[in-house]
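For reference, the structure is listed below as structure tokens.
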Amino acid sequence: MAFPFGKKSKGGWGTRIVPPPRRGRGWPTAGNLGLLLALWLAGVASIHLGGPQGYAGLAEGQRAPVTVVAAVDFDCVNVAATELLRRQAAETVVPVFTIQMGPLQAGWRALEKLADRAIALRRELDAAASKGAAAAPGAGAAAAKTLESGLAVAADLLGLAVSGDTLAGLFPPGKEMDVLAALKDSLSGVWMNGILSEADRETGFQGLSQSTAIDISQPSDDAGERAVRTVHLEDLPSAEAALAAYREEAKKRLAKLGIEATDKAIEEMVRPSIRPNLDYDERTTQERRAAIQRIIEPVEMTVREGTTLMEEGTTVVPQTVEMIDAYNRRMAELESPRDRRMKRLGDAALMWIVLVMCAGWLKGTQPGVYAKVRRKLLLALLGLLAIVLASLYHYFSVHLHWIPPWLVPFAIPLALPAMLAVLILGPPAALAVGLWSALSSALIFGRSFELLLLGLGGSVLAAALLRNVRKRSQVVRAGVA
């Protein structure tokens, strides 16, 4: 039987118990390796997330960073020729106008009020006559004067220069509503044909219409539907011509009712309502022009091998972006599956080598960093943070186009994981995390050497500025730097 006694000391036998040898030393090693593999797999997956890499460092208006010469023949869109054809097609679309309905309804209401006033006055006179007032001498003449006076007041309130006796003759007893319907139909027919001012006819609606024809959109009989008709500007009447057309139409309709009225009386009743009534419908016009532009097929052109696609220092134009994109697509088509696999394997191997180097360097310079599980988890989380930040900025820039490509190197927080690492774990961990962040960001953005240098420089600067941080102001200065 073994007794767990320690070594005898001066004061007698010690009471310290010798701990048994530790078992399972392989489990921490397996856990560390598992963390490395998980972080490596996340980095490899983020590189190939969203398909093949494209040229993400080019935007319209910037200065070309390098000179690119075509190594193969390829086809691309001729942006200038395509835009010219689409602009010409859009110009063939005639503008759309709508007819104002407010003045027409105001004219209808004025006619309705006159007819209603004539009916109301005659009812009042008939009621007075039924009580015996008609037996008095001159009662008929007085009733006629009252009717004319009441209609004159109503016309004056409506702003119509028509006398009372003219209105009394125009709305005879028992036919007021028939006359009202005839006048409203005559006004509606002239109004819905469209009325154009001479100034708009000469200037083409101040340049809105390049052709001699326009489309007029107006409500149709079907509920919710609008009818569109094409008319020539020369066929649209002016306000005076529309007033004359209304006069002739109204005289024909009144003649069928056996009523004769002067031209002046008919015109003065609707003169304030007869005005140019066409409004430019910009939304419908632009929709029709956009629809016909989509029909136009892009004009293709062939770029020969040896053509300079982009020269360093020149301004990038839309044609440059189109040629670079088409060139990248063509090079990707010519790339064999074996070449693509070799590139992916090379990226994965590079990430693994750098990850193992960072882990080994941390083990040698800061042995206690792996002593606690939470420190290892912090390192893994900081590595994942670098991958997630780079992947999000890549998605926002390349796929959603929320961030201009030229702004990515300045917008992406490459040094953020390193700053957090130096504050939590110390400068050695910050350098390791910074190297991993710079490499993963560079590979995610299509092997961008610029991002690699920026990430390494920012991480070293963060570790140097924050190694002995004591105040919040030092953190702010380091972030600004």
Side-chain angles (χ1 to χ4, degrees), residues 93-118 154-155 157-162 167 170-171 176-209 211-254 265-289:
V93 177
V94 296
V96 180
F97 289 82
T98 57
I99 295 179
Q100 303 173 13
M101 300 303 295
L104 174 62
Q105 294 171 355
W108 283 350
R109 286 194 296 269
L111 295 175
E112 290 170 356
K113 289 178 180 179
L114 288 176
D116 292 341
R117 186 57 179 164
L157 292 175
L158 293 173
L160 304 178
V162 187
L167 291 175
L170 187 59
F171 291 97
E176 293 91 348
M177 301 309 297
D178 295 333
V179 173
L180 175 62
L183 295 177
K184 289 177 65 175
D185 291 342
S186 301
L187 179 60
S188 177
V190 173
W191 185 266
M192 298 307 292
N193 284 334
I195 303 173
L196 181 65
S197 67
E198 293 298 335
D200 288 338
R201 193 194 312 276
E202 294 175 358
T203 61
F205 295 95
Q206 297 181 357
L208 291 176
S209 176
S211 63
T212 59
I214 61 171
D215 282 351
I216 296 180
S217 175
Q218 61 190 56
S220 62
D221 296 335
D222 299 332
E225 298 293 332
R226 298 188 68 86
V228 179
R229 57 189 176 91
T230 302
V231 297
H232 292 276
L233 296 182
E234 59 184 13
D235 296 335
L236 290 173
S238 62
E240 291 300 326
L243 187 60
Y246 164 77
R247 181 189 65 226
E248 298 301 325
E249 181 66 21
K251 288 177 67 175
K252 292 179 182 178
R253 292 177 181 269
L254 292 176
I266 295 175
E267 291 179 358
E268 293 299 331
M269 292 182 65
V270 295
R271 184 181 294 275
S273 302
I274 300 294
R275 65 183 71 174
N277 61 356
L278 298 180
D279 280 339
Y280 177 56
D281 190 348
E282 182 177 5
R283 179 180 176 181
T284 304
T285 303
Q286 296 302 328
E287 288 177 353
R288 296 175 67 179
R289 289 176 177 175

Under the 3.5 angstrom rule, does the side chain of Arg247 hit a backbone N or O of Ile266 as a donor-acceptor pair?
no
Could you please spell out the steps behind the side-chain contact (heavy atoms from CB on, under 4.5 Å) verdict for Leu160 and Glu268?
CA-CA 6 Å; Leu160 304 178; Glu268 293 299 331; 6.0 Å; no
Would you name the heavy atoms of Gly194 and Ile99 that are closest together and state the gap between them?
N-CD1, 4.3 Å
Does some side-chain heavy atom of Thr212 sit less than 4.5 Å from a side-chain heavy atom of His232?
yes
Donor-acceptor under 3.5 Å (Arg253 side chain, Ala181 main chain)
no
Quick one: closest heavy-atom pair of Val93 and Arg288, and the distance?
CG1-CB, 4.0 Å
Tell me, with the steps shown, if Met192 and Met101 meet side-chain contact (heavy atoms from CB on, under 4.5 Å).
CA-CA 9 Å; Met192 298 307 292; Met101 300 303 295; 4.0 Å; yes
Val96 and Thr285: which non-hydrogen atoms are nearest, and at how many Å?
N-OG1, 3.0 Å
Output all residues satisfying side-chain contact (heavy atoms from CB on, under 4.5 Å) with Ser197, sequence neighbours left out; order by chain, then residue number.
Ala199, Asp200, Pro276
Under 4.0 Å between a side-chain nitrogen and a carboxylate oxygen: does that hold for Arg201 and Glu198?
yes
Any idea which heavy atoms bring Arg229 and Asn193 closest together, and the distance?
NH2-O, 3.1 Å
Please round to the nearest 0.5 Å and tell me the distance separating atom NZ of Lys113 and atom CG of Leu157.
9.5 Å
Is there a side-chain contact between Trp191 and Arg275 (heavy atoms, below 4.5 Å)?
yes
Which pair of non-hydrogen atoms, one from Ala182 and one from Ser186, has the smallest distance, and what is that distance?
O-OG, 2.8 Å
Between CG of Leu180 and CG of Asp116, what distance do you get to the nearest 0.5 Å?
7.5 Å
Any idea which heavy atoms bring Met269 and Leu111 closest together, and the distance?
CE-CD2, 3.3 Å
Would you call Phe171 and Leu183 a side-chain contact if the rule is heavy atoms closer than 4.5 Å?
yes
Answer yes when Lys252 and Glu248 have at least one side-chain N-carboxylate O distance shorter than 4.0 Å, and no when they do not.
no
Between Val190 and Leu243, does a side-chain contact (heavy atoms from CB on, under 4.5 Å) hold up when you go through it step by step?
CA-CA 8 Å; Val190 173; Leu243 187 60; over 6 Å; no
Flag side-chain contact, heavy atom, 4.5 Å: Leu278 against Ile214
yes
